[in-house]
Every structure is written in C-alpha cells, then in structure tokens.
Novice: 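Okay, here's the structure, questions in a sec.
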Amino acid sequence: MSGRPLARRFYARDSRQLAPLLLNKVLVRGTGPDRVEARIVEVEAYAGADDPGSHAFRGPTPRNETMFGPPGHLYVYFTYGMHWCANVVCGQAGTASAVLLRAGSPLVGVDLIRQRRGHRTDRELCAGPARLTQALGITGIDDGTDLVRGTIRILDDGVPPPSRPGRSARIGLREGRGDQHPWRWFVRNDPNLSRTRHP
DNA sequence: CTACCGATATTCT
DNA sequence: GAATATCGGTAGA
C-alpha cells in the first residue's frame with residue numbers, strides 16, 4: 001500500500017468538517033518489517049470551549065496540551081488506567097479542535113497486529129479507539145507526533161470518503177452526547193466498527 | 001448475540 | 001472521593 005500524505009492545510013479545518021473526510025484514509029505507523037497500516041472507518045469530532053464532551057472544555061491541562069497546538073499533530077491520551085486513544089489535532093492553533101480515531105480496517109502488518117492484540121478474531125483487531133492504538137503500537141510517547149513529517153502518517157491512497165457516511169451521537173460520554181452532538185461518523189456496514197455501548 | 005463487571009492511572013470535584 | 005472519549009472475561013439467552 002502507498003499513497004500521498006495529507007498536507008498540513010488538510011488538517012487546518014474544523015473537526016466537524018475534517019472528521020468525515022478522514023473516513024477511508026490510511027493510518028500508517030513504522031517502516032520496514034514493523035510497518036502497520038489500517039483504513040480509518042470510524043471517527044468522532046471534538047471541539048474546544050463550547051463542547052462539554054471535550055477534554056479541552058475546561059481549558060489547557062498537561063494532558064490535553066497537544067490539542068491546543070497546531071493542526072496535523074497526534075493527540076494521544078491515557079484513559080481508564082490502561083488504554084491509549086489517538087486524536088488528529090485540526091483547526092487553527094488555540095482552538096483545541098480534534099478528531100478521535102475510533103476504528104480501522106487492517107491493511108498491512110496484520111501478523112504484527114495479531115501479535116499485539118493477542119490473536120483475537122479479525123474483526124476485533126482494530127474495532128475501537130484503544131484497540132486501534134494497540135494494533136498500531138501507538139502510546140503516550142507518540143503524543144504530539146507531527147503527522148505530516150513524523151513516523152505516524154495519514155495517507156490518501158485514492159479511496160474517497162463515503163458519499164453518505166453513517167452518523168450518530170458520540171459514544172461513551174456522559175456530557176456532550178445526544179442528538180445535539182451527532183458528531184460520530186463511520187463507514188456503513190464495515191465489519192470493523194467499534195461496539196456501540198450507550199451507558 | 002447481549003449484559004454486567006472489574007481493572008486501574010489521571011483528572012476533576 | 002468520583003468520574004473517565006475502554007476493553008476483555010464471564011454468564012446467560
């Protein structure tokens with residue numbers, strides 16, 4: 001697999017505009033034998049001060065500092081005491097706009113993904129935000145990575161986003177969910193979507 | 001297949 | 001103390 005890396009200006013739009021455009025793009029980490037690729041099939045948009053579901057809602061902290069930086073970098077955070085989740089920082093610097101990568105379809109390095117994921121069924125390999133980071137080997141040391149120049153990149157390999165993507169409320173939130181914030185987009189009928197549990 | 005529950009570090013009240 | 005942008009194991013239908 002190969003493709004053209006997304007340019008900085010591609011990331012410089014609002015998270016709700018960028019999120020559906022990231023569907024069917026290819027997330028890449030590593031080179032050579034440890035190269036892993038997955039096609040993005042599910043995302044969620046997060047905003048800044050006006051979004052009660054966002055980590056940036058109460059302003060900058062050590063954890064969310066990357067969200068307030070320039071677009072085209074990776075915001076990686078640790079949650080539930082054991083899981084890493086990855087976001088694409090977008091918009092203008094200071095707006096804290098970001099897109100959470102929630103699920104992918106494995107393309108390259110599937111054997112390595114199976115090792116990292118404990119030899120689960122194929123559809124469980126990248127079906128969830130923490131599963132996706134584990135499959136690609138993304139952890140806190142990747143927080144702040146420049147997606148345009150770094151070892152983690154997002155490629156356009158010519159597959160366009162869906163013309164009519166699935167859309168729903170965001171998952172796993174107490175605040176900022178519901179019909180007022182239908183900011184989850186996904187590739188309809190893809191077998192690698194995350195499980196949708198609504199607490 | 002769905003439902004529940006424990007794990008467990010950081011952030012927030 | 002409580003909550004958290006989650007997951008994997010187990011129990012049951």
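Note that these values count all heavy atoms, side chains included, but never hydrogens, waters or copies made by symmetry. Quick note on labels: first sequence line is chain A, next is B, and so on, each numbered from 1.
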Novice: Counting side-chain heavy atoms from CB outward, which of C/dT4, B/dA9, C/dC7 is closest to A/F78?
Specialist: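 Closest nucleotide among those given: B/dA9.
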Novice: How close or far is atom C1' of C/dA5 from atom CZ of A/R131, stated in whole angstroms?
Specialist: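 Result: 15 Å.
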Novice: Report the stems of DNA chain C as range-with-range entries sorted by first number; a stem here is at least three consecutive pairs, Watson-Crick or G-U wobble, both distances under 3.5 Å, and write none if there are none.
Specialist: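 Stem list for DNA chain C: B:1-7 with C:6-12, B:9-12 with C:1-4.
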Novice: Rounded to the Å, how far apart are A/L132 CG and C/dA5 C1'?
Specialist: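 Whole-Å distance recorded here is 14 Å.
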Novice: Take the protein atom OH of A/Y75 and the nucleotide atom P of B/dT10, then report the distance between them rounded to whole Å.
Specialist: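 Computing the A/Y75:OH to B/dT10:P distance gives 13 Å.
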Novice: Tell me: NE2 of A/H83 to C1' of C/dA5, nearest whole Å?
Specialist: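 So the NE2-C1' distance, A/H83 to C/dA5, works out to 12 Å.
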Novice: Using a 4.0 Å cut-off on heavy atoms, which residues in residues 42-60 of chain A reach DNA chain C? List them by number, or say none.
Specialist: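 Within this stretch, A/Y46, A/G53, A/H55 sit under 4.0 Å of the strand.
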Novice: C/dA5, C/dG8, B/dT11: which one has an atom nearest the side-chain heavy atoms of A/P62?
Specialist: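 The nucleotide sitting nearest to the side chain is B/dT11.
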Novice: Could you please name the option among B/dT11, C/dT4, C/dA5 that lies closest to any side-chain atom of A/R63?
Specialist: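 Nearest to the side chain of A/R63 among the choices is B/dT11.
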Novice: Which of residues 183-191 of chain A sit near DNA chain C, with a heavy atom under 4.0 Å from it?
Specialist: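 Heavy-atom cutoff 4.0 Å gives no residues at all.
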Novice: The side chain of A/R123 lies closest to which of these nucleotides: B/dC1, C/dT6, C/dG9?
Specialist: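 The nucleotide sitting nearest to the side chain is B/dC1.
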Novice: Starting at CD of A/E124 and ending at P of C/dT6, how long is that distance when rounded to a whole Å?
Specialist: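 It works out to 17 Å between those atoms.
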Novice: Looking at A/R174, I'd like to know whether one of its side-chain N or O atoms comes within less than 4.0 Å of OP1 or OP2 on C/dA3.
Specialist: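 Answer no for this pair, as no side-chain N or O of A/R174 is under 4.0 Å from OP1 or OP2.
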Novice: With A/R13 as the cation and A/F10 as the aromatic partner, state whether NZ or CZ is under 6.0 Å from the six-membered ring centre and within 45° of the axis.
Specialist: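 Cation-pi check for A/R13 and A/F10: passes.
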Novice: Quick one: does A/Y80 reach the base of B/dA7 with a side-chain donor-acceptor pair under 3.5 Å?
Specialist: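 Answer is no: no donor-acceptor pair is held.
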Novice: Could you check which of C/dA3, B/dA7, C/dG8 has an atom nearest any side-chain atom of A/M82?
Specialist: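 Of C/dA3, B/dA7, C/dG8, B/dA7 is nearest to the side chain of A/M82.
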